[in-house]
Amino acid sequence: MKKGKKIYEGKAKIVFATENKNLVIQHFKDDATAFNNQKRAKIEGKGVLNNRISEYILTNLSQIGIKNHLVKRINMREQLIKFVEIIPVEFIVRNIATGSLTKRLGIEDGTVLDEPLIEYCLKDDKLGDPLISKEHMFAFKWSNKKEIEKIDKYLHRINDFMVGMFRGVGIKLVDFKVEFGRYKNNGKTEVILADEISPDTCRLWDMNTEKKLDKDRFRNDLGNLIGAYQDVARRLGILHEQSNIRPIKFTKPKAVKFKKNK
Ligand code: UDP
């Protein structure tokens with residue numbers, strides 16, 4: 001699939017056109033941002049890890065019937081995806097209270113929720129992604145009842161699947177954010193899961209130590225973000241035991257002696 005012109009550049013990804021109007025190429029950058037873009041850095045290798053982890057999760061979700069935008073991973077940093085019209089809402093699912101929820105409502109950090117809690121935020125950086133209700137979505141036509149009914153069902157199934165998948169490798173899925181889009185094909189429109197699912201968009205805590213294995217390492221200056229993302233990838237079986245963890249040794253090239261021309 002030939003890469004065409006850039007059609008969008010976001011905080012962590014770039015989208016390129018292809019010769020097929022229904023498909024685009026999604027490129028994962030190494031850029032990290034937090035606190036509504038106020039904190040920024042380039043973290044070498046993050047894009048590669050997110051590409052692999054997101055591919056793994058979306059492939060598994062598609063096998064349990066959650067339709068999503070992934071067609072295939074093309075290389076270390078890129079995926080071929082279905083071109084969708086993104087619904088301008090961030091869908092957040094929480095199993096343990098932390099982050100903005102605890103600050104907003106004064107809930108104690110780490111409170112385990114009896115049931116998964118779904119929150120909706122308007123996807124608008126300028127407004128700081130404010131919390132909204134379903135009624136706001138319907139009143140301002142950001143989505144409609146039919147779409148949200150389907151999405152809510154999807155959110156519970158995605159959460160059930162991911163909680164189990166991460167529990168199996170000793171990780172607690174604390175919360176995550178997903179996005180959905182409208183895919184138009186052959187005159188039909190369907191709502192599918194879009195965007196990435198990776199340690200950039202989930203909170204993942206080690207089951208025993210509660211060590212943070214996600215973007216909070218960047219948000220809260222905890223250090224070694226790449227080590228944590230590699231740990232997630234390794235536990236999911238995406239990275240092999242020893243790969244990418246040994247520093248590459250550079251040996252000095254031997255001096256070459258040139259013979260004098262006779
Ligand atoms: N999240 C995200 N992108 C955003 C906001 C949140 O991926 O723009 C994810 C975040 O990584 C966490 C979950 O959504 O896994 C809930 O985030 P929260 O609302 O607590 O946001 P924060 O504390 O980061 O403001």
Side-chain angles (χ1 to χ4, degrees), residues 8-13 26 28-41 43 46-47 49-51 53-54 57-58 61 68-69 86-113 115-133 136 142 151-152 154-156 158-163 165-167 171-181 193-206 210-222 225-226 228-229 232:
Y8 165 84
E9 178 155 4
K11 287 176 279 187
K13 285 177 300 265
Q26 169 168 259
F28 287 76
K29 300 195 282 185
D30 282 338
D31 299 54
T33 62
F35 310 120
N36 206 9
N37 232 348
Q38 286 171 40
K39 182 171 178 172
R40 289 182 224 187
I43 304 175
K46 182 174 81 75
L49 283 157
N50 282 348
N51 185 18
I53 295 171
S54 195
I57 297 176
L58 293 187
L61 286 174
N68 64 65
H69 72 167
I86 287 282
I87 296 173
V89 175
E90 297 197 338
F91 297 87
I92 292 173
V93 182
R94 300 176 183 275
N95 299 302
I96 299 176
T98 191
S100 67
L101 171 68
T102 52
K103 287 182 207 120
R104 198 186 329 119
L105 301 178
I107 308 292
E108 197 186 335
D109 198 278
T111 306
V112 178
L113 304 168
E115 295 289 328
L117 174 68
I118 296 179
E119 288 181 341
Y120 312 99
C121 294
L122 180 65
K123 209 172 132 60
D124 188 325
D125 282 344
K126 275 186 247 123
L127 300 176
D129 298 340
L131 188 72
I132 52 170
S133 67
H136 288 101
W142 294 319
I151 289 174
D152 280 350
Y154 265 14
L155 291 173
H156 285 284
I158 294 168
N159 186 51
D160 282 350
F161 174 80
M162 292 216 298
V163 165
M165 178 187 79
F166 281 118
R167 187 181 290 144
I171 294 174
K172 283 191 223 178
L173 176 64
V174 175
D175 58 29
F176 63 93
K177 184 260 323 184
V178 280
E179 293 178 25
F180 290 84
L193 174 65
D195 200 31
E196 67 179 296
I197 302 185
S198 71
D200 265 11
T201 61
C202 300
R203 283 199 174 94
L204 305 169
W205 294 353
D206 178 84
E210 303 225 318
K211 180 182 166 189
K212 293 183 164 71
L213 303 171
D214 56 63
K215 207 170 95 174
D216 273 353
R217 301 207 72 80
F218 170 68
R219 291 189 187 98
N220 306 332
D221 296 318
L222 301 174
L225 176 132
I226 290 298
Y229 283 32
V232 173

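Keep in mind the model is a prediction, meaning the values are calculated, not measured. Indexing begins at 1, ligand by ligand and atom by atom, following the structure's order. Counting begins at 1 with the first residue of the sequence. Below, all heavy atoms of this structure are taken into account, side chains as well, without hydrogens, waters or symmetry copies.
Every residue was checked against the side-chain hydrogen bond (donor to acceptor under 3.5 Å, both in side chains) condition with Asp129, not counting sequence neighbours, and none meets it. For Asp160, the salt bridge (Lys or Arg N to Asp or Glu O under 4.0 Å) test picks out no residue, with sequence neighbours left out. Evaluation of the ring-ring contact (aromatic ring centres under 6.0 Å, His included) rule for Phe91 yields Tyr120, Phe180 as partners, not counting sequence neighbours.
Between Arg203 and Asp175, at least one side-chain nitrogen of the basic residue sits less than 4.0 Å from a carboxylate oxygen of the acidic one, meeting the salt-bridge criterion.
Within the model, atoms CG of Asp214 and CD1 of Ile171 stand 9.5 Å from one another, a figure rounded to the nearest 0.5 Å.
The 4.0 Å heavy-atom shell around ligand 1 contains residues Glu90, Ile92, Arg94, Thr98, Gly99, Ser100, Asp129, Asp175, Phe176, Lys177, Asp200, Thr201, Cys202, Arg203, Arg219, ordered by chain and number.
Using a 3.5 Å distance cut-off with no hydrogens or angles, the side chains of Arg94 and Thr111 do not pair a donor with an acceptor.
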